[in-house]
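Remarks on the structure that follows.
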Amino acid sequence: MTGAPLIEVRDLRIDLDYGSRRVAAAEGVSFRIDRGETFGLVGESGCGKSITALALIGLLRPPLSIGGGVIRFEGQEVQHLSAARQRELRGNRIAMIFQEPMTALNPVSPVGRQIAEMFVLHKGKGWREANKLAVEALASVRVPAPERRVHDYPHQLSGGMRQRVMIAIALACGPDLLIADEPTTALDVTVQAEIIELMRNLCAERGTAILMISHDLGLVANVCRRVAVMYAGRIVEERGSADIFRAPSHPYTQGLVASLPRLGSRAALGRSRLKEIAGVVPAITNFPDGCRFNPRCAQATEICRTIVPETDRLDAGGLVRCHHHA
Amino acid sequence: MKLRANLVIGGALFALAILVGLLAPWLAHTDPVMDANLMNAEEPPSWTWWFGTDDQGRDIYSRVVYGAQVSLTVGIVSQLINSVIGVALGLSAGYFGGWWDDVVNALTNLMLAIPSLIFALAIMAVLGPGLTSLLIALGLTNWSFTCRIARASALSLRSQGYVQAATVLGYGDLRIMITQLLPNMLGPIIVIGTLGMGSAVLSEAALSFLGLGVRPPFPSWGSMLSEAREQITTAPWLSVFPGLAIFLTVLGLNLLGDGLRDILDPQSRSRRT
Amino acid sequence: MLSFLFRRLLQTIPTVLAVVALVFVLFSVAPGSIVSSMSDDSDPQVELRMKQQLGLDQPVYARFGAYIAKLATGDFGTSFRTREPVTTMIAKRIWPTLQLVFAAMALAVVIGVPLGFVAALKPGGIVDTLAMVVAVSGLSIAKFWLGLVLMYFFALKLGWLPSFGYGDGGLKYLILPAVTLGVSPMALFARTTRAAVLEIMTADFVRTARSKGMSETRVVKWHVMRNALVIILTTVGLQFGALMGQAVVVEKLFSWPGIGSLLVDSVLQRDIPAVQGSILVVVLAFLAINLLIDLLYGVIDPRIRYA
């Protein structure tokens, strides 16, 4: 552990208002990311990884809200900052790219303008200068002929090009943290690798930390130094990327790893989707008592059905939330 | 489900209007046509004459009460005609496709090109004033929106499994359309119909105001306003109550339509008429 | 762009022809002789001569052919009443109607659209509730009643504005009719805008905009507005037709010398050529305006290209 972390999440709970009820869509979520580090958050859809990311950048909207816990960015509690101070962080220090490059860009605004906005918002530039910087930003994500491309509208670009534009927007102000929520899921396989490489290289050059969110353990482990696995709103295991493949500790992680084609093989790098483990993820409104994985777990015993497991520190390094972990 | 304010208020206003229309003979103080008495001409509202009297001494309150009959009959019946035409054309066009679809599309575009009030006016000009003419004129000129919704809905439903299953089972086209397709598009159709009734009430009033509606002396809110205009300086109360009656009735229908939309057609937030 | 315009013009021709046919058929099959309804003396000799004069003794299809041929040269026929060419009568009245309709439309857009935006910024808030109550009321009010009420207060009681007529064509004559006509489209635009904005606010690109650290005001100004305009424009285009229809009532109420009042007067006096001509001109104007709106789409929405 090297000094103060860049961002620290402790015991975060995210509430979902469901009719007249309020349920926790995620709870007990804790992790930290250091400067320039790469951290992955993995899980099936609905496990709470995306809303955790939205909570970090302050974009939860009703019916979702932060129900408890602390998010510290450079030691400051983000939730208690004024709306204006939060906006100064957002985009400028913490940036985000989204899954769907088709819909994540405004269809009726030229892409150059959508990049230039960042310089106007955070760097106090006028539009003229911001537009010039937008051309440079587009060049930095290796878009050919950027001085012409800035005038294009999103529908004139391919999916890969659009995601490059998203990266250009996200990295425009040189953020300290880039949150990438399934950045390549919607793209062709061949384009996926290019985009991942680009994102990783640019962030490494600039010392930008990455929080990568994906359902794809192989992809995340390839990009990130540490990985946390989420299941039904809780982090069940957090390990170094190599360790998680070598000796997964939580039965759910074991299932995930087993469902990958071959550890570390090329096929695992950003290609295969997670295969389903027997059973389905429980609905948010219907989480089981005790360990939430117990209905699908072969090793489950009576204690798993009644008592929520605590997060334990593993001797080999890393954290796990299981009554029966090795 | 939360009880929506617009549903309750709208439903109450509409129910009130219907009750007034049905109970007009008991609610009215005088006969709306016969009880003219120049001795009472142009009385302002009072305990005797709740809404005042007109230049012929007729009781405005009684005339407004009877006027509900015309407005609501025209509003409800003409919109029913529109809904039936719109659903029949749109449903069959979407279901059969082909040349029939093209014909219906052309008809719909034609209807959209002629402002509906002007179309209704032209029909009234041909048929002459009267209740039946009103029902026809307004019933034939406002179905294009219903038709479009029905067509779009039939198109999307046609390809769905259960409709195809019905075809395989040897159900006739008509039976499939009525038993399989119609129930699934009823929500938006009812919403459009409710809002359409409101605009039919307004159109009836407009046509009557122009002298092309119900023949005087039988009271209609529109024709009462037309007469009231002449006396706006001497007897402004003549203008107040029929206009208020139209407003409250149409407001009721619009609120009811909005409320029903929230329940029956929740995904169409931007599809406003 | 030019080829698009040309193609769109071509597309409107069948519609125009259909309207012409409809208007013609409607009045050719009108029950009762038109001529007998207009002359009090029932001298058969006179009636026959008039029928010949007006070409009414010909079979229907021949009259339709002749009608089309004359229309093509811009001749709408001769008024039964005034014996004036209908084209001249309409020409005199088209400008006041356009003035009225555009003024009402401008008013409706300038007030209705911002109202919808403001309402959508805090859905369920006081401003929203108030705006939507006003809007649903505006949609529910009978135009001529609103006109009467406005006339009573602003013209008769306060004496600020003339109560009716075109006067010298000055602005003060236009205000009351335009407000009367503009209230319901204003209400409609407020509702449409609000619904459009609320829908767009849930779009992914709005989330992206927020992730950039934009204030909600900027999100709306930079990203929501233009997208909403595409939806609003559609409503505006359709509303032009409705306004031209409703202008009839407003023109009649305020004795405004437009096509609408010409139409009503002609209908009441069974002046068929004038009725046919007025309806056709209204439809043509409506189609022309919608053509312009289609061109505007391309300006607002880059996804539409006139290839």
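What you see is a predicted model; the values in this text were computed from it and never measured.
Side-chain contact between C/L17 and C/I13 is present, with heavy atoms from C-beta onward closer than 4.5 Å.
For a residue to count as touching a neighbouring chain, one of its non-hydrogen atoms must lie under 4.5 Å from one of that chain's; by this rule A/I57 touches chain C with the side chain only. In this structure, the portion of C/I300 lying under 4.5 Å from any heavy atom of chain A is its backbone and not its side chain. For a residue to count as touching a neighbouring chain, one of its non-hydrogen atoms must lie under 4.5 Å from one of that chain's; by this rule A/I179 does not touch chain C. Only the side chain of A/L54 comes within contact range of chain C, judged by heavy atoms closer than 4.5 Å.
Under the 3.5 Å distance criterion, with hydrogens and angles disregarded, a donor-acceptor pair is assigned to the side chains of C/E251 and C/T97.
The closest donor-acceptor contact from the side chain of C/K212 to the backbone of A/Q114 lies under 3.5 Å.
Between A/E74 and A/R35 a salt bridge is recorded (basic side-chain N to carboxylate O distance below 4.0 Å).
Of the options C/V133, C/L139, C/I141, C/V134, a side-chain contact (heavy atoms from CB on, under 4.5 Å) to C/S137 is made by C/V133 and by none of the others.
Between chain C and the residues A/A84, A/G91, A/C173, the largest count of heavy-atom pairs under 4.5 Å involves A/G91. Counting heavy-atom pairs under 4.5 Å between each of A/M166, A/M96, A/M118 and chain C puts A/M118 at the top.
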